[in-house]
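Some notes on the structure that comes next.
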Amino acid sequence: EWEVLKGGRAVLRVKNTPGPLLSTAMPPPGVEPPSHPFLSGSALDASEEGRLREILDASRSTADFLERLRRAGYVVRPAS
């Protein structure tokens with residue numbers, strides 16, 4: 001499990017396990033969060049969600065996603 005930071009604040013928690021992508025916004029009643037084929041994650045900062053999704057959509061694996069985050073200026077570290 002990893003924690004992703006931008007400007008010293010946590011913006012995302014991610015696991016290398018297929019599963020739900022949780023937004024900072026609540027889904028409408030009866031709607032399940034979208035599932036992802038190679039990772040699961042929880043957004044922690046609404047202002048970063050769009051950029052994080054762009055990077056995820058361009059990624060082929062969790063390792064690729066984490067590397068793309070680093071190249072985009074995010075700090076990726078093991079979750080505590």
Side-chain angles (χ1 to χ4, degrees):
E1 187 170 345
W2 295 272
E3 184 176 51
V4 179
L5 298 96
K6 182 74 172 206
R9 69 187 190 288
V11 298
L12 178 69
R13 287 184 77 89
V14 66
K15 291 181 184 179
N16 188 26
T17 305
L21 297 176
L22 304 175
S23 173
T24 57
M26 295 293 294
V31 175
E32 294 293 319
S35 188
H36 196 272
F38 61 77
L39 60 76
S40 57
S42 296
L44 305 173
D45 185 327
S47 67
E48 292 293 326
E49 278 192 65
R51 182 67 182 129
L52 293 168
R53 185 58 192 227
E54 288 174 4
I55 296 168
L56 178 59
D57 288 346
S59 302
R60 297 179 313 273
S61 66
T62 301
D64 183 36
F65 178 55
L66 298 176
E67 180 57 31
R68 287 172 185 268
L69 288 169
R70 289 181 183 101
R71 287 191 309 237
Y74 292 90
V75 172
V76 178
R77 67 183 185 195
S80 51

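S23 and E49 are linked by a side-chain donor-acceptor pair at a separation below 3.5 angstrom, with hydrogens and angles left out of the test.
The ring-ring contact (aromatic ring centres under 6.0 Å, His included) contacts involving residues 9-28 comprise nothing, where partners must be two or more places apart or lie in separate chains. Pairs of residues two or more places apart, or lying in two chains, that qualify as side chain to side chain donor-acceptor pair (under 3.5 Å) and include a residue from residues 54-63 are N16-T62, R51-E54, R53-D57. For residues 37-76, the ring-ring contact (aromatic ring centres under 6.0 Å, His included) pairs, not counting sequence neighbours, are H36-F38.
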*Could you please spell out the steps behind the salt bridge (charged side-chain N to carboxylate O under 4.0 Å, His left out) verdict for D45 and K6?*
CA-CA 10 Å; D45 185 327; K6 182 74 172 206; over 6 Å; no
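Rounded to the nearest 0.5 Å, atoms CD (E1) and OG1 (T17) are 9.0 Å apart. Note that CG of L44 and CD of E3 are 7.5 Å apart. Values are rounded to the nearest 0.5 Å. Rounding to the nearest 0.5 Å places NZ of K15 at 6.0 Å from OG of S40. Going from atom CG of L21 over to atom CG of L39 covers 6.5 Å, rounded to the nearest 0.5 Å. Here the straight-line distance linking atom CG of L12 with atom CD of E48 works out to 10.0 Å at 0.5 Å rounding.
Of the possible polar contacts, one joining the R68 side chain to the A58 backbone as a donor-acceptor pair under 3.5 Å is found.
Both V76 and I55 sit in one connected hydrophobic cluster of ILVMFWY residues. Membership requires side-chain heavy atoms under 4.5 Å apart, directly or through other members. If you chain together hydrophobic residues whose side chains sit under 4.5 Å apart, L52 and W2 fall into the same group.
Closest heavy-atom contact between S47 and R9: OG-NH2, 3.7 Å.
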